[in-house]
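What follows is a single structure, written as structure tokens, with notes after it.
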Amino acid sequence: MISKDYIILDPHGMHARPATVLLKLARQYKSNISLQKDGKQVQMKSMLNILALSAKCGDTISVIIDGEDESSASLALDSFFNEEMKNF
Amino acid sequence: MKGIGVSPGISIGRAFIIKSANAVSSDIVLDNDEAKKIEIEKFDKAVHDAISEVESFKTNKNLCLSSGDIEILDTQIEFLSDPQIKSDVYDKINFESKTAHDAVIEVIVAAVLMFKNIDDEYLSARSADVQDSGNRIIKHLSNNRFQFDQIFDENTILIAEDIAPSDTITLDIAKIAGFATQSGGKTSHAAIIAKAKGIPAVVACGSDLLLIENDDTVILDGSTGEVIIRPDFNTIEVYKLKQKIFYQESALLKSLLNLPATTTDGHNVKLFANISNADDLEKVFENGGEGVGLLRTELLFMGRNSFPSEDEQFHFYKQVGIKSKSKPVVIRTIDIGGDKQLSYFGIPHENNPFLGYRAIRICLNQKEIFLTQIKAVLRASAFGKLKIMFPMICNVDEVRQSIECVNQVKHELSLSGTKYDNSIELGIMIEIPSAALMADILAREVDFFSIGTNDLCQYTLAVDRMNDKVSSLYNHFNPGVLRLIQSVIDQAHKQKKHVSMCGEMASDPLATLLLLGMGLDEFSMGASSIPNIKNIIIRNSLSKAEEVCRRVMGMDNSDNITAYLQKVSK
């Protein structure tokens, strides 16, 4: 299991467009991926649940990845949160 | 009537009213498992059809979709296929014996409410996406195939309760001259799309919008939020003129947006903006600003009962750091005193507050205020290219003490393992004549100067701008002021330090060529002034600017200088 913290860099927070890209990204891996914020944990499968975390710009969000391809999934998520998130 | 202008521009056209049919619950109760099974199948099919419909938009070449449009449709597909929505609807059918139709309405209402309650304008506006998905499923459930594929006449102004995200894509938007909606906000989907496509739009007009009838003539002003119904001839003429001016200005802005501020002979300067908080940054980038030359921090300290805590300040600066997209931001440490008083920080009455206890003088005397602010800024420097600037410097001691404070905080942060930018640039405001006169000495201590022309003029000329009897003496083209500015720039350049200007003179179009010729590196001003100043810079050469500067420096009074600058700037 890999667990990492990221800071939401998109000025508008985790809104529909980055969440869509994130969902598509997560689907490419077999690992079970979930997000956690303020003690609330959700599976990275439902758009509604991701948005319901209401992660705003500057908030910290934890990502938990568990499964056979967790290390490659983790790399992809690194680049998503640290780079792509800036450009939505 | 007035709403919120969300996409600037003026449109004059004929109203077309879109009435949205609100789905109403049937309140039917299912009485057997077979009926429930049928309802679940109906729901699955409706979702499947809805997704196919959206997929078909994506491949429809007639819609000429941008990559942004495709993303909106993808988002809609995610909502339509959301496992949470699906399981909630199943539960309502199975355990509450609702029809698929009623179950979808209830699940969507709850989801929309959840979004609306999020304490963030942008995220809460996403409730429209959920509503949109729900409406699409309902539409397929009820075989109500009303399509928004109507062809509109030229100059149609759409009037609607609200416009759903997917509608903005499938609508024949090219033909629409503008739209006004009853609800919505600055970040509602329709507002974002209108802005992206350059269509004037006004939202949140309220129920007054119902007064409009089909084919009424309507004027929309997307900048001010004004909506005029059935205007008279004169009003139309006035708005036609406004429309023409707007087109000209926005064409200029657009043509300049991504150009660097480079003269015809290749000399580059930077155009920065003066801001008060992170939200101002959006406007800076819209106007082609390349960063922030002055972040005033006073707003953070005003309108409250006590000093903001380090964490509060950190959050404020961090937002600025993140939203500045790695562009430089100069943060000026607190500049209270003078005409800026805090209710919770009593400064005893002074006969000459402008010559009194203010800015860096307070900070160096009551260091806890200063250290807290510096610590917050340094912590935030891990999130953007921040710089620190000290105001009201009059001697080298103040500079050294200020830098010592920064070093002290850096040391503390290093010990606690907190991230910060160790090479953060430090600069000072040049706004007191003594500082300007000894710029050679001060330049050795810091990374940059920023000339605050408002105070520099006031102190150099001994004129209170607010005093009507003497305010006519206040003039930044006074040869004494100009000599000071020229000398500050020259002294800084001798030591390879850059010089910015953040006072009003930087946004005065008459002064642009002169300052360019003096060698000013950075101009910082209100964001809306940037296009105009950039336009002057890119149309002129450095050699011409230097010639203008030489001539001006040979003149002996501000009237002649102003007249000359007016002549050359034509």
Side-chain angles (χ1 to χ4, degrees), chain A residues 4-61 77-88, chain B residues 67-68 70-88 107-108 110-112 114-115 117-130 132-133 165 187 189 192 278-279 281-282 285 314-326 380 382-384:
Chain A
K4 271 190 176 174
D5 283 0
Y6 297 101
I7 287 165
I8 302 294
L9 296 175
D10 187 297
H12 293 121
M14 175 62 82
H15 60 96
R17 282 200 300 140
T20 304
V21 177
L22 193 56
L23 278 166
K24 283 188 173 174
L25 185 77
R27 232 173 264 141
Q28 294 168 17
Y29 298 93
K30 288 183 194 144
S31 294
N32 190 7
I33 306 176
S34 53
L35 296 175
Q36 192 175 327
K37 185 181 155 270
D38 303 332
K40 235 183 351 180
Q41 185 168 346
V42 300
Q43 291 290 314
M44 192 126 60
K45 282 189 180 130
S46 158
M47 181 74 150
L48 203 63
N49 290 343
I50 294 179
L51 295 185
L53 287 177
S54 70
K56 292 170 205 156
C57 178
D59 281 353
T60 302
I61 199 164
L77 288 165
D78 265 350
S79 93
F80 175 81
F81 280 104
N82 296 331
E83 298 303 324
E84 272 185 79
M85 264 302 255
K86 290 181 197 160
N87 305 320
F88 283 101
Chain B
S67 61
I70 301 271
E71 281 175 19
I72 290 162
L73 295 175
D74 280 343
T75 299
Q76 169 117 157
I77 291 172
E78 289 297 342
F79 275 119
L80 290 170
S81 54
D82 193 283
Q84 187 67 49
I85 292 179
K86 185 174 167 177
S87 79
D88 289 353
V107 168
I108 296 297
V112 165
M114 190 256 325
F115 275 104
N117 285 334
I118 294 178
D119 178 29
D120 179 288
E121 193 191 2
Y122 192 88
L123 285 174
S124 88
R126 301 283 69 74
S127 59
D129 292 285
V130 188
D132 195 14
S133 308
T187 53
H189 194 84
I192 293 169
D279 291 341
L281 279 163
E282 197 178 327
F285 294 128
F314 166 64
H315 184 72
F316 180 90
Y317 306 132
K318 185 171 97 171
Q319 289 291 320
V320 173
I322 292 171
K323 294 191 182 182
S324 63
K325 302 177 181 167
S326 314
F383 300 89

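Every chain is numbered from 1, with letters handed out A, B, ... down the list of sequences. None of these values were measured; they are calculated from a predicted model.
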Going by the rule side chain to side chain contact (heavy atoms under 4.5 Å, CB included), which residues pair with B/S326 if we only count those two or more places apart in sequence or in a different chain?
none
Is it the backbone or the side chain of B/Q84 that comes under 4.5 Å from a heavy atom of chain A, or both, or neither?
both
Side chain, backbone, both or neither: which part of B/K318 has a non-hydrogen atom closer than 4.5 Å to chain A?
side chain
Pick one of side chain, backbone, both or neither for A/A19, based on which atoms fall under 4.5 Å of a heavy atom in chain B.
neither
Chain B shares the most heavy-atom pairs under 4.5 Å, among A/C57, A/A52, A/G13, with A/C57
Please test B/F115 against B/D129 for side-chain contact (heavy atoms from CB on, under 4.5 Å), starting from the C-alpha separation and ending with a verdict.
CA-CA 10 Å; B/F115 275 104; B/D129 292 285; over 6 Å; no
NZ of A/K56: more than 12 outside heavy atoms within 6.0 angstrom?
yes
Between A/K24 and B/D74, does any side-chain N to carboxylate O distance fall below 4.0 Å?
yes
